Amino acid sequence: MNIILLGPPGAGKGTQAQRLVDNRGMRQLSTGDMLRAAVGAGTPIGLKAKAVMDRGELVSDEIVSELIDAELAAMDADSGAIFDGYPRTAAQAGMLDTILASHDRKLHKVIELEVDEDALVDRITGRFTCANCGAGYHDRYKQPETEGVCDVCGSTEFKRRPDDNEETVRTRMQEYRAKTAPILPIYEQRDLVERVDGMASIDEVSEAINGLLR
Ligand code: AMP
């Protein structure tokens, strides 16, 4: 099964994708993670993308679509794909159709996480992750059980995304509204869209998504 998780920044796409990876053995294809890895490694794509990402704007359709194509090419034919943070423009949605067809795959569902935008800035500006294993935490909603120690791996190193500051988050929201939300009708016409209340707890959202994939 190949699905898209769609929703504004902070809607919980990454968290839910990780749940699907853990519970259903699907693969998460996050263009944001791929780009951050490229930035970290200082590759030509990373060097090009860094300033754009720091501003909260969108990286070019070609770059992100090439990343997705390469990941799918390296994937097992029977692993399901979760597209997290891709497509983000109508052009990318068109490119994804072509890419999926070239890998003999089809799109089964587009799951939109519906959220209250006012809550998103609060969610995003408080989040941080374990620098070693990537487990997610939040200043106000999910501190590690022992302060300063990761619950999962015991590491004491944590990190925050440089684009998780209020100013950049506002730009990321505007980009979502202007360029990403308009792709929903494309998928609605194809009868692919399912909606989930993204303001519910992580477990409830994950249960709702599982119900849709049964
Ligand atoms: P994310 O981790 O999905 O929030 O993405 C972080 C940043 O990476 C975004 O604000 C964009 O600058 C860039 N990015 C990630 N995915 C895409 C995409 N599909 N198209 C364009 N830019 C992207």
Side-chain angles (χ1 to χ4, degrees), residues 2-21 27-72 81-100 107 110-113 115 117 119-131 134-138 159-184 186-187 198:
N2 303 295
I3 65 168
I4 294 174
L5 291 182
L6 203 74
K13 301 184 295 293
T15 303
Q16 295 301 329
Q18 197 51 55
R19 289 282 179 109
L20 291 169
V21 169
R27 275 281 304 274
Q28 175 187 16
L29 282 80
S30 157
T31 40
D33 285 349
M34 294 173 205
L35 289 166
R36 278 184 288 280
V39 170
T43 66
I45 285 181
L47 294 174
K48 227 168 153 177
K50 182 173 184 336
V52 180
M53 293 171 75
D54 284 346
R55 288 196 300 273
E57 293 167 9
L58 295 186
V59 172
S60 87
D61 294 331
E62 288 70 23
I63 286 181
V64 289
S65 297
E66 275 168 30
L67 290 172
I68 288 287
D69 188 32
E71 285 287 316
L72 280 174
I82 312 154
F83 298 99
D84 159 13
Y86 178 93
R88 259 178 159 95
T89 64
Q92 290 177 25
M95 290 174 182
L96 178 60
D97 285 338
T98 310
I99 293 170
L100 283 172
L107 189 58
V110 177
I111 299 177
E112 184 195 6
L113 297 175
V115 281
E117 273 203 24
L120 296 182
V121 175
D122 180 52
R123 274 196 189 181
I124 293 181
T125 53
R127 69 187 182 181
F128 61 98
T129 53
C130 170
Y137 297 97
H138 196 282
K159 60 183 183 182
R160 287 175 197 266
R161 281 172 49 170
D163 59 345
D164 275 354
N165 62 79
E166 184 157 351
E167 194 190 338
T168 307
V169 170
R170 300 265 175 218
T171 308
R172 288 161 61 198
M173 300 285 184
Q174 276 164 16
E175 290 284 68
Y176 180 80
R177 257 181 257 123
K179 298 175 184 161
T180 309
I183 67 182
L184 267 165
I186 302 175
Y187 291 124

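Counting convention: from 1, in listed order, for ligands and their atoms alike. When reading the values below, keep in mind they use all heavy atoms of this one structure, side chains included, and skip hydrogens, waters and symmetry mates. Note that this is a predicted model, so its numbers are computed, not measured.
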Enquirer: Roughly how far, to the nearest 0.5 Å, is the NZ atom of K159 from the CZ atom of F128?
Expert: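 Here the rounded value is 13.5 Å.
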Enquirer: Can you name the nearest heavy-atom pair linking V115 to P8, along with the distance?
Expert: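 Looking at all heavy atoms of both residues, the shortest contact is CG2-CG, 3.5 Å.
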Enquirer: May I have a table of the N/O to N/O pairs between ligand 1 and the protein that fall below 3.5 Å, each row giving the two atom names and the distance to 0.1 Å?
Expert:
unit_1   : atom_1 : unit_2 : atom_2 : d
ligand 1 : 2 (O)  : R36    : NH1    : 2.9
ligand 1 : 2 (O)  : R36    : NH2    : 2.9
ligand 1 : 2 (O)  : R161   : NH1    : 3.1
ligand 1 : 2 (O)  : R161   : NH2    : 3.3
ligand 1 : 3 (O)  : R88    : NH1    : 3.0
ligand 1 : 3 (O)  : R88    : NH2    : 3.1
ligand 1 : 4 (O)  : R88    : NH2    : 3.3
ligand 1 : 4 (O)  : R161   : NH2    : 3.0
ligand 1 : 5 (O)  : R88    : NH2    : 3.4
ligand 1 : 12 (O) : E57    : O      : 2.5
ligand 1 : 16 (N) : T31    : OG1    : 2.8
ligand 1 : 16 (N) : G85    : O      : 3.4
ligand 1 : 16 (N) : R88    : NH1    : 3.0
ligand 1 : 19 (N) : T31    : OG1    : 3.4
ligand 1 : 19 (N) : G85    : O      : 2.9
ligand 1 : 19 (N) : Q92    : OE1    : 2.9
ligand 1 : 20 (N) : Q92    : NE2    : 2.9
ligand 1 : 22 (N) : V59    : N      : 3.0

Enquirer: Could you measure the distance from the CZ atom of R36 to the OG1 atom of T31? Nearest 0.5 Å is fine.
Expert: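 Between atom CZ of R36 and atom OG1 of T31 there are 8.5 Å.
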Enquirer: Of all the heavy-atom pairs spanning R160 and G126, show the shortest one and how long it is.
Expert: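 Reported closest heavy-atom pair: NH1-O, 3.8 Å.
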Enquirer: Just how far is it from atom OG1 of T125 to atom CG of L120, taken to the nearest 0.5 Å?
Expert: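 T125 OG1 to L120 CG: 10.5 Å, rounded to 0.5 Å.
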Enquirer: For a salt bridge (Lys or Arg N to Asp or Glu O under 4.0 Å) check, start with the C-alpha distance between R172 and D164, then their side-chain angles and the critical distance, and finish with the verdict.
Expert: CA-CA 10 Å; R172 288 161 61 198; D164 275 354; 3.0 Å; yes
